[in-house]
Colleague: 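After the structure tokens below, expect a handful of questions from me.
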Amino acid sequence: MTKLLINRRRLLGTGAALGASTLFAPSILRAQGAPVKVAGIHASPVENAWNSVLHAAMVAADEEGVIEYTFSEGVSGTDYPRAMREYAEAGNVLIVGEAYAVEREARTVAGDYPDTSFLLGSSGEAAGDNFGVFGTWNWEAAYLAGMLAGAMTETGVVGSVGAIPIPEVNMLINGFADGVKSVNPEAKHLTSFIGTFFDPPKAREAGLALIDSGADILFGERIGTADAAQERGIKAIGSMIDYTPRYPETVFANALWSFRPLLDAALADATAGNPTGKNYTPLSLMKDGGNDINYVEGVAPEAAVKAMLETREAIIAGEFEVPRNFDEPA
């Protein structure tokens, strides 16, 4: 049985962080009549874990009648600014995407369309009144998953497969490693970066190499990692989404992330005429319901689960802060 720990009330209550109107964003937007036009620009296919979280939040809002959602996927860096301009010209109130490969160009486009709000994943800062940014902060959940892995490893070696060593990815993998070391200081943590955001076969190959180096538990920052674990009969941990249904005998825990609180906040600001040139990342914190862990009961030792849950409650209560380390993992 998979234990899902996200508190939905806390998830919906994230409005307090960015203004009271955020909490009621969906109902306010429905009351205004026509749904708001929102576009998603995905550099990777929407099956990619990170993109799938954004996509799922916008699909759900579309199904609720909150937004009218259109999207493009697999957009290259050279085409990204063009796609931003086309969606802005089409009258979208909010454009959601990622600026990691096009930071300068994306800000230029936003400056050319001051009446359009942009909310892009970015390692940089917000700009102007309409260029909002966000990072992926599920490193707290990764830390908790690391606590379980540290208690479970038999070889004393665990491994992580990541995309590219940008700050958000580094923080996530370091969070997992710190969780491992918190319960098993002698454990060794290995990392492999695949150099791209979406290449499941390459992530599988990286995972196999880590297993060959002694890792008996893998943390999959990239989709495809669990395929290696499944092939070799070891356990794995998923990130962003719940991989357990796809790998029921392999993935025993997931560091989940929710984009909906960030989307609702940006929508509320955009429709109210408030500046959206701000950092929406803090809505990803566990105390606000933006990230959490789920796990399969009966896989990790009972004592390890108990210690993990106690740490989780301390994080939510503000009594424990998971270290944030943006450096490339050693």
Side-chain angles (χ1 to χ4, degrees), residues 14-15 18-19 21-46 48 50-122 124-134 258-281 283:
T14 55
L18 288 174
S21 63
T22 301
L23 174 59
F24 305 102
S27 60
I28 285 176
L29 294 173
R30 279 195 294 268
Q32 291 177 344
V36 177
K37 290 184 67 174
V38 174
I41 309 176
H42 303 277
S44 299
V46 294
N48 184 41
W50 186 87
N51 299 89
S52 74
V53 175
L54 273 63
H55 185 64
M58 290 184 280
V59 167
D62 182 277
E63 292 174 346
E64 294 167 14
V66 175
I67 67 174
E68 178 185 326
Y69 174 50
T70 56
F71 71 96
S72 299
E73 60 183 325
V75 180
S76 68
T78 54
D79 283 341
Y80 214 93
R82 176 191 55 79
M84 292 175 65
R85 292 183 183 279
E86 289 182 355
Y87 280 124
E89 295 283 354
N92 285 278
V93 172
L94 178 67
I95 296 175
V96 176
E98 55 206 275
Y100 297 112
V102 289
E103 294 283 357
R104 180 180 301 175
E105 297 91 337
R107 285 166 169 75
T108 298
V109 173
D112 291 340
Y113 294 92
D115 295 328
T116 303
S117 294
F118 296 84
L119 179 59
L120 302 186
S122 173
E125 300 296 329
D129 290 333
N130 68 327
F131 189 88
V133 298
F134 68 92
S258 174
F259 181 67
R260 188 61 188 270
L262 290 74
L263 174 64
D264 285 348
L267 279 172
D269 284 334
T271 56
N274 297 327
T276 53
K278 61 178 71 172
N279 188 345
Y280 290 87
T281 307
L283 288 175

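Each residue takes its place number in the sequence, starting with 1.
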Colleague: Is Asn92 close to Thr70 at the side-chain level, that is, under 4.5 Å between some pair of heavy atoms?
Modeller: yes
Colleague: If the condition is side-chain contact (heavy atoms from CB on, under 4.5 Å), which residues does Ala60 pass it with, not counting sequence neighbours?
Modeller: Glu64, Arg260
Colleague: If I take atom CZ from residue Phe134 and atom CD from residue Glu98, how far apart are they, to the nearest 0.5 angstrom?
Modeller: 8.0 Å
Colleague: Testing the basics here: between Pro261 and Leu283, what is the closest heavy-atom pair and its distance to 0.1 Å?
Modeller: O-CD1, 3.5 Å
Colleague: What residues form a salt bridge (Lys or Arg N to Asp or Glu O under 4.0 Å) with Asp112, not counting sequence neighbours?
Modeller: Arg85
Colleague: Looking only at heavy atoms, which two atoms of Phe131 and Ala110 are closest? And how far apart?
Modeller: CD1-CB, 3.6 Å
Colleague: Got a second to check how far Ser44's OG is from Leu54's CG, nearest 0.5 Å?
Modeller: 11.0 Å
Colleague: Just verifying a value: how many Å separate Ile67 CD1 and Leu263 CG, rounded to the nearest 0.5 Å?
Modeller: 5.5 Å
Colleague: Run the salt bridge (Lys or Arg N to Asp or Glu O under 4.0 Å) test against Glu105 and tell me which residues pass, sequence neighbours left out.
Modeller: none
Colleague: Applying side chain to side chain contact (heavy atoms under 4.5 Å, CB included) between Leu267 and each of Val93, Leu119, Val38, report the one that passes.
Modeller: Val38
Colleague: What pairs of residues pass the ring-ring contact (aromatic ring centres under 6.0 Å, His included) test when at least one of them lies in residues 67-95, not counting sequence neighbours?
Modeller: His55-Tyr69, His55-Phe71, Tyr69-Phe71
Colleague: For residues Ala83 and Val75, report the shortest heavy-atom separation together with the two atoms involved.
Modeller: CB-CG1, 4.3 Å
Colleague: Please enumerate all residues that pass salt bridge (Lys or Arg N to Asp or Glu O under 4.0 Å) together with Glu68, with sequence neighbours excluded.
Modeller: none
Colleague: Just one of Val133, Val102, Thr281 clears the side chain to side chain contact (heavy atoms under 4.5 Å, CB included) bar with Ser122, so which one?
Modeller: Val133
Colleague: Taking atom CG of Asn51 and atom CD1 of Ile41, what is their separation to the nearest 0.5 Å?
Modeller: 12.0 Å
Colleague: Not counting sequence neighbours, which residues clear side-chain contact (heavy atoms from CB on, under 4.5 Å) with Thr276? List them please.
Modeller: Ser117, Asn130, Asp269, Ala270, Tyr280
Colleague: At what distance, to the nearest 0.5 angstrom, does CZ of Phe259 lie from CE of Met58?
Modeller: 5.5 Å
Colleague: Taking everything shown except Asp79 itself, do over 12 heavy atoms lie less than 6.0 Å from its CG?
Modeller: yes
Colleague: Using 0.5 Å steps for rounding, measure from the CZ atom of Arg82 to the OG atom of Ser76.
Modeller: 8.0 Å
